[in-house]
Amino acid sequence: MKIVKIIMISAVVTGLVSCDDFLDRTPQSNLSPETYFTNSSQLKAYADRMYPDILPSHSNSGNNYGIYGIDAGTDNQTGAEASNIYADGLWKVPNTESNDWKFDWIYHTNFFLSNVLVKYGEDLNGSQNTIEGNISEIKHYIGEVYFLRACEYFKRYWKFGDFPIVTEPLPDDKDVLIEVNKRMPRNEVARFILSDLDKAATLMSEQQMGTNRINKDVALLLKSRVALFEGTWLKYFKGTAFVPNGEGWPGKNKEYNANYQYQSGSIDNEITYFLEQSMVAAKEVAEKYKGSLTANTGVLQQSATEPENPYFEMFANEDLSSYPEVLLWRQYGRSLVTHAVDIAANQGNNRIGVTRGLVNNFLMSDGTPVYKNGSYADGNEYYKGDKTIHDVRQNRDSRLVVFLKEPGQKSILYENPEGTEAWMEEPYPLITSVDDQRGYLTGYALRKGGSFDQSNYLNMNSYSASICYRAAEALLNYMEACYEKNSSLDNLAKEYWQIIRERAHVDSNFEKTISQTDMNEEAKNDWGAYSGGRLIDATLYNIRRERRCELMAEGLRYMDLCRWRAMDQMISTPYFVEGIHIWNTPMEKWYNDLLADGSDKATVSSPTVSEYLRPYQKNSNQKCSNGYMWHMAHYLTPIMYKQFLVTLPSGNNVEDSPLYQNPYWPLVADQPAEK
């Protein structure tokens with residue numbers, strides 16, 4: 001039997017040849033399911049092929065710089081050019097090209113499951129098993145593929161919301177392909193993902209694998225993330241066009257969704273369901289690992305004779321098998337697959353700047369917010385102010401102390417002459433190096449993910465490991481889901497919060513922090529202070545703060561901001577990204593080429609705008625020079641126009657497509673959001 005991979009309408013991957021306007025096909029394959037998928041090693045090999053393309057890692061982050069760029073375009077980090085997401089009228093409906101609405105790897109997982117389950121047993125208990133090999137391993141590899149399918153669906157769901165649910169490899173039949181393009185309500189997609197993760201966890205429960213393979217704990221962690229995402233999305237978008245049956249929900253205009261009813265009876269019940277699912281899954285992981293989170297000395301190692309800081313090394317080591325907190329990681333090899341994360345950490349973060357807002361958001365080590373210790377600029381005897389990077393790091397949350405780079409710090413402790421690309425010592429931030437990837441966009445930069453070993457800097461071929469999932473997130477997920485559901489914290493949530501803060505070397509009395517939190521001040525630094533344009537309460541805010549600080553540069557910030565509905569305030573009030581306190585400080589004297597005349601040749605923003613460096617206000621021609629703005633439509637990604645054309649049963653009226661566009665995006669190519 002020859003396999004023809006039908007990728008629903010739009011996928012474009014290596015090896016595909018475009019056959020017509022309706023769909024893309026791979027060349028025919030001689031792989032036969034009758035003679036393949038007959039033993040456990042073949043199941044493993046098939047799953048292995050999908051690992052690098054589906055799982056989060058340095059090499060599939062989109063720029064090979066991993067954590068440097070993955071959270072760019074948020075209030076945490078920002079890129080060399082402002083994102084179109086925040087520029088009025090520049091994010092438009094794609095015409096024919098989109099890397100988001102794709103089904104290639106979903107097809108691969110469906111092909112595996114449709115052929116393997118026939119041999120193993122559709123009921124997942126092995127009742128028909130004819131596959132040779134250790135039964136626990138067979139079950140494990142099937143579980144891995146359920147997990148991988150869940151991963152692929154999560155990528156589509158969090159961007160698009162409502163999405164087609166396809167569980168079988170599809171025939172080369174236009175009518176069938178059009179039919180399966182019906183978008184299922186977002187919560188149904190989330191339920192489908194949770195179902196796959198439940199199957200994955202059950203199937204993988206018997207076999208202990210190394211942490212560079214998917215395992216049960218990873219499935220539970222992702223389940224807690226997905227359920228928390230949907231529970232909070234439904235809560236904060238309730239009644240709007242962004243949830244099923246909300247006012248203006250476009251799905252209501254399609255007959256197949258016109259009479260949709262929530263499985264649980266109401267949106268409120270659905271919110272409770274997802275938050276409970278998140279708590280249960282997160283608790284199972286958190287209880288297992290809460291006593292074995294990686295230790296943090298709170299100190300940045302600065303000589304080869306000093307003790308290493310395990311927390312720092314967890315993000316920079318080549319082998320993460322000895323870190324229980326790391327539930328899944330990807331290994332790299334010098335002569336195999338490499339990346340450029342270390343060189344980015346060693347130098348200017350690939351021109352991805354850390355924002356002043358993120359730096360200000362970190363607490364003092366005694367648990368007090370910065371603004372309770374004098375002004376941001378001058379501070380007091382405890383908080384030293386922000387007139388130098390050295391000062392801003394003093395007496396702070398150790399996650400800032402360890403990861404925020406400071407001029408004069410040693411960047412290489414273990415020398416190797418092969419690593420010619422490495423900077424041995426951190427220089428003054430190269431804020432005027434406009435076109436150099438080594439330049440510093442905001443003046444603030446991280447060393448998270450960077451190795452002290454110079455051998456990692458041979459022609460930018462780094463091979464430190466990449467963390468895919470770690471257990472600390474489970475503690476954070478439980479805390480947030482618990483409070484969102486109950487408006488209070490139970491004893492487990494309180495315990496988890498104390499564990500996270502103790503590791504960060506911050507006073508574990510989070511109640512003291514809550515009592516001293518001024519939400520109007522926090523709103524200056526953190527979009528997460530808002531939901532739906534309104535300030536949230538101080539307890540919920542500090543839970544969000546903890547998540548922001550612990551998971552910075554790990555690829556979850558934009559997802560979090562979207563599910564919290566945390567950008568509404570920018571619809572009417574622009575937000576200005578800022579960096580270091582450059583003007584009227586000692587840092588101004590670090591440079592002799594500061595040009596702030598507003599011309600195209602300007603290297604920095606003018607002090608008449610702000611004493612703080614504003615990377616997008618050097619001149620008025622820059623994108624977002626008038627600040628970040630927001631549109632409600634931008635909470636979801638638009639579906640490309642071609643997708644509507646190729647799913648038409650007949651004629652050329654795009655309204656006849658089974659698809660519907662996301663709220664406030666037009667059914668016209670190359671047009672911006674309507675609202």
Side-chain angles (χ1 to χ4, degrees), residues 65 68 72 77-80 300-303 312 340 342-360 362 376-379 384-394 396 400-413 415 419-452 454 457 460 553 577-597 601-607 609-618:
Y65 288 90
Y68 299 108
Q77 293 172 277
T78 193
L300 180 69
Q301 183 186 1
Q302 282 293 275
S303 81
F312 178 89
D342 290 275
I343 198 69
N346 177 264
Q347 299 178 2
N349 291 183
N350 193 37
R351 286 188 62 73
I352 303 297
V354 173
T355 66
R356 177 190 173 213
L358 177 60
V359 172
N360 284 347
F362 282 89
Y376 288 112
D378 298 312
K384 305 297 183 181
D386 63 13
K387 293 184 177 179
T388 68
I389 298 175
H390 172 80
D391 287 347
V392 85
R393 294 175 58 251
Q394 303 308 301
R396 302 292 293 278
L400 183 70
V401 174
V402 169
F403 291 126
L404 187 68
K405 299 170 72 175
E406 177 186 330
Q409 289 176 334
K410 294 180 180 179
S411 298
I412 297 297
L413 306 181
E415 297 186 22
T420 56
E421 296 290 328
W423 289 352
M424 304 301 289
E425 183 176 287
E426 177 67 9
Y428 295 141
L430 307 182
I431 61 173
T432 58
S433 298
V434 178
D435 298 319
D436 188 346
Q437 68 180 20
R438 301 180 180 186
Y440 289 60
L441 190 74
T442 63
Y444 285 130
L446 299 176
R447 62 174 70 253
K448 191 174 187 178
S451 174
F452 285 130
Q454 195 176 3
Y457 299 90
M460 298 181 69
V577 176
E578 293 188 329
I580 60 173
H581 194 168
I582 184 66
W583 297 109
N584 300 315
T585 71
M587 291 191 285
E588 180 182 346
K589 297 178 175 60
W590 292 351
Y591 309 96
N592 57 15
D593 57 349
L594 298 180
L595 179 61
D597 62 358
K601 295 182 179 180
T603 57
V604 289
S605 55
S606 170
V609 173
S610 173
E611 289 197 347
Y612 294 86
L613 184 62
R614 289 190 172 182
Y616 307 133
Q617 285 194 294
K618 298 174 186 176

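When all heavy atoms are compared, the tightest approach of Trp583 to Ser606 is NE1-C, 3.9 Å. The two residues Asp597 and Ala602 have their closest heavy-atom pair at OD1-CB, 3.8 Å. Considering every non-hydrogen atom in both Pro615 and Val577, the closest pair reads CD-O, 3.5 Å. Considering every non-hydrogen atom in both Phe452 and Gln301, the closest pair reads CZ-O, 3.6 Å. The two atoms that bring Ile389 and Gly443 nearest to each other are CD1-O, 3.7 Å, heavy atoms only.
Considering only residues two or more places apart in sequence or on other chains, Glu406 meets the salt bridge (charged side-chain N to carboxylate O under 4.0 Å, His left out) condition with Arg393. Take Arg438 and apply the salt bridge (charged side-chain N to carboxylate O under 4.0 Å, His left out) test, not counting sequence neighbours, and it matches Glu421.
The closest donor-acceptor contact from the side chain of Glu588 to the backbone of Asn584 lies under 3.5 Å. Counting only distance, with no hydrogens or angles, the side chain of Arg447 and the backbone of Phe312 share no donor-acceptor pair below 3.5 Å. The backbone N or O of Arg614 lies less than 3.5 Å from a partner atom in the side chain of Ser605, making a donor-acceptor pair. With Thr78 contributing its side chain and Gly353 its backbone, the two residues share no donor-acceptor pair below 3.5 Å. At distances below 3.5 Å, not a single donor-acceptor pair connects side-chain atoms of Lys448 with backbone N or O atoms of Ala345. With hydrogens and angles disregarded, no donor-acceptor distance shorter than 3.5 Å links the side chain of Asn349 to the backbone of Ala445. Between the side chain of Ser451 and the backbone N or O of Asp342, no donor-acceptor pair lies under 3.5 Å.
Glu578 and Ser610 are linked by a side-chain donor-acceptor pair at a separation below 3.5 angstrom, with hydrogens and angles left out of the test. A donor atom on one side chain and an acceptor atom on the other are not found under 3.5 Å apart for Tyr440 and Ser433.
Ion pair Asp378/Lys387 flagged as a salt bridge, since at least one NZ, NE, NH1 or NH2 atom sits closer than 4.0 Å to an Asp/Glu carboxylate oxygen. Between Lys410 and Glu425 there is no salt bridge, since no side-chain nitrogen of the basic residue lies less than 4.0 Å from a carboxylate oxygen of the acidic one.
Taking OG1 from Thr432 and CH2 from Trp590, the interatomic distance works out to 13.0 Å, rounded to the nearest 0.5 Å. Note that the CG atom of Leu430 and the CZ atom of Arg351 stand 9.5 Å from one another [nearest 0.5 Å]. Note: Asp386 CG to Met587 CE = 6.5 Å, rounded to the nearest 0.5 Å. Here OH of Tyr457 is found 4.5 Å from CG of Asn346. Values are rounded to the nearest 0.5 Å. A distance of 12.0 Å separates CG of Leu613 from OG1 of Thr355, quoted to the nearest 0.5 Å. A distance of 9.0 Å separates CG in Leu446 from NZ in Lys405, rounded to the nearest 0.5 Å.
Both tests pass for Arg356 against the ring of Tyr612: distance under 6.0 Å to the centre and angle within 45° of the axis.
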Full working for side-chain contact (heavy atoms from CB on, under 4.5 Å) between Leu300 and Val401: CA-CA 7 Å; Leu300 180 69; Val401 174; 5.9 Å; no

Derivation and outcome, side-chain contact (heavy atoms from CB on, under 4.5 Å), residues Ile582 and Tyr591: CA-CA 10 Å; Ile582 184 66; Tyr591 309 96; 3.7 Å; yes

Audit row: Leu594, Ile431, side-chain contact (heavy atoms from CB on, under 4.5 Å) steps and yes/no: CA-CA 9 Å; Leu594 298 180; Ile431 61 173; 4.1 Å; yes

side-chain contact (heavy atoms from CB on, under 4.5 Å) evaluation trace for Leu404 with Tyr444: CA-CA 7 Å; Leu404 187 68; Tyr444 285 130; 4.0 Å; yes

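The side-chain heavy atoms of Leu441 and Tyr616, taken from C-beta on, include a pair separated by under 4.5 Å.
Within 6.0 Å of the CD atom in Gln409, the count of heavy atoms belonging to other residues, nucleotides or ligands exceeds 12.
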